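Following: one structure in structure tokens, then a few remarks.
Hydrogens, waters and symmetry mates are skipped; everything else that's a heavy atom, side chains included, is used. Convention: sequence-line order gives letters A, B, ...; per-chain numbering from 1. The shown structure was predicted, so the numbers you read here are calculated from the model rather than taken from an experiment.
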Protein chains: 2
Amino acid sequence: MTTTGARRPTYHHGDLRAALLAAGTELARQGGPDAVVLREATRRAGVAPGAAYRHFADRDALLHAVSQAAQADVARAMEAELAAIADDDAHGRLRAVGLGYLRFAHREPGLFRVAFEVSADLADAANPVRAGDSGRSPFQLLSHALDGLVEARALAPDRRPGAEFLAWAAVHGLAVLLLDGPLRSLDDATRERAYADLLAMVEKGL
Amino acid sequence: MTTTGARRPTYHHGDLRAALLAAGTELARQGGPDAVVLREATRRAGVAPGAAYRHFADRDALLHAVSQAAQADVARAMEAELAAIADDDAHGRLRAVGLGYLRFAHREPGLFRVAFEVSADLADAANPVRAGDSGRSPFQLLSHALDGLVEARALAPDRRPGAEFLAWAAVHGLAVLLLDGPLRSLDDATRERAYADLLAMVEKGL
DNA sequence: ACAGCAGTGTGAACAGTGTCTACATGGACG
DNA sequence: CGTCCATGTAGACACTGTTCACACTGCTGT
């Protein structure tokens, strides 16, 4: 997974860039952004530290790449939840993308942090479509679900372009608070009810 | 500001603990959590690196202390907004604490990040009252404002204990998205309108 | 087929970091 | 006045990101 997609030169290593990205992703999964240590990634790829600089300008560039891959993972999780919902159930579709987002944050806290705490990347999250990467960004999925809801019910006739951000803000904020906030240790049922309550609040408040 | 309050022994340095905390806070203000570098703090205090370990067990302990101080700053900012609102204006008081929170995040992004991105601290944010520190925590202020609103209007008769978290989630999420998200560079007027919109959404959705 | 070459990985080095240890110092208190 | 414990120092260690000169490798053009 997380194949770069482009060229596959098969030089000395095979595809070091992909190997470093995979190692970085594994580190991110276990320990969040700070755990993405360049030297450790090269170690796991069985390569000297300097080799990384043939593929990434910086430790930040590696972290950036891991972050983009993690954002794609979030989007995939959202789409998976979406798959079970009928196309005309606008209410359900909004709930699904929100749930996908929140559940991913709980299931993969490290990746989630890297996806959205790496500052420069959030700016990309709302951008049209990433170059090669296939799917939509998490923000686009949420925004699209909101569009559907607005069409289905005449929910907010004067819906201004910021409404999707407000919804995202609420969902993202709950995810963060559940991640390392006062609600960290919560049993599954209560947490799931918090998801539902928040999404209801968002839908009602828009 | 940020005086520890307790003993002031005037040993070699005077009060190194406070000096380190001040230096750490300044570093946090400029560069967020990663910028809180123990050695740099000792350098600014004019002291050897090892000296810090007489007052903080860890770099993490220093960061933790800076985080608590920053949380107190957030609370102060919220209370400052609250001061201009009449006691019986429950609507206005909820808005005020939310605005204080959001405006602080924009004015002091580095401190805000340290206040709420340092994982272990968020758990404390909701706790009753911190040991020596005078005022309320940001969460308590928000929760209190919500209580007022519930009393004033029979807003949510079956208000479950999680409602304040949902409101906090929405406010916090917007703050984060505005900090290093796609809305980063936004003119002041638009940003303030986003604050108002979100708080309206929260109030309507509760 | 062979020389060249650009892409790729190596090894050693540098500065900077957190952290530990043995040692020095100086103010407080008997 | 003398002792002692809290405080600060010096130096070391392991680790990090980053850079440099160098070595290899496999494709390219003649």
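Looking only at side-chain heavy atoms (C-beta outward), A/H172 and A/F112 come within less than 4.5 Å of each other.
Distance CZ/A/R17 to CG/A/D15: 8.5 Å, rounded to 0.5 Å. With values rounded to the nearest 0.5 angstrom, B/M78 atom CE is found 10.5 Å from B/F139 atom CZ.
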Would you give me the side-chain donor-acceptor pairs under 3.5 Å for residues 31-41 of chain A, sequence neighbours excluded?
from: A/E40; atom 1: OE1; to: A/R43; atom 2: NH1; distance (Å): 2.5
from: A/E40; atom 1: OE2; to: A/R44; atom 2: NE; distance (Å): 2.9

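Rounded to a whole Å, the CZ atom of A/F56 is 15 Å from the C1' atom of C/dG9. Following rounding to the nearest Å, A/D15 (CG) and C/dT8 (P) show an atom-to-atom distance of 10 Å.
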Quiz prompt | Base-contact (B) and sugar-phosphate-only (S) positions in nucleotides 12-24 of chain D, heavy-atom cut-off under 4.0 Å, - elsewhere | solution = B---SBBB-B--B
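For B/H55 and D/dG8, the shortest distance from a side-chain N or O to OP1 or OP2 is below 4.0 Å.
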Quiz prompt | Derivation of the side chain to side chain donor-acceptor pair (under 3.5 Å) call for B/H144 and B/R136 | solution = CA-CA 10 Å; B/H144 193 267; B/R136 291 189 176 84; 4.7 Å; no
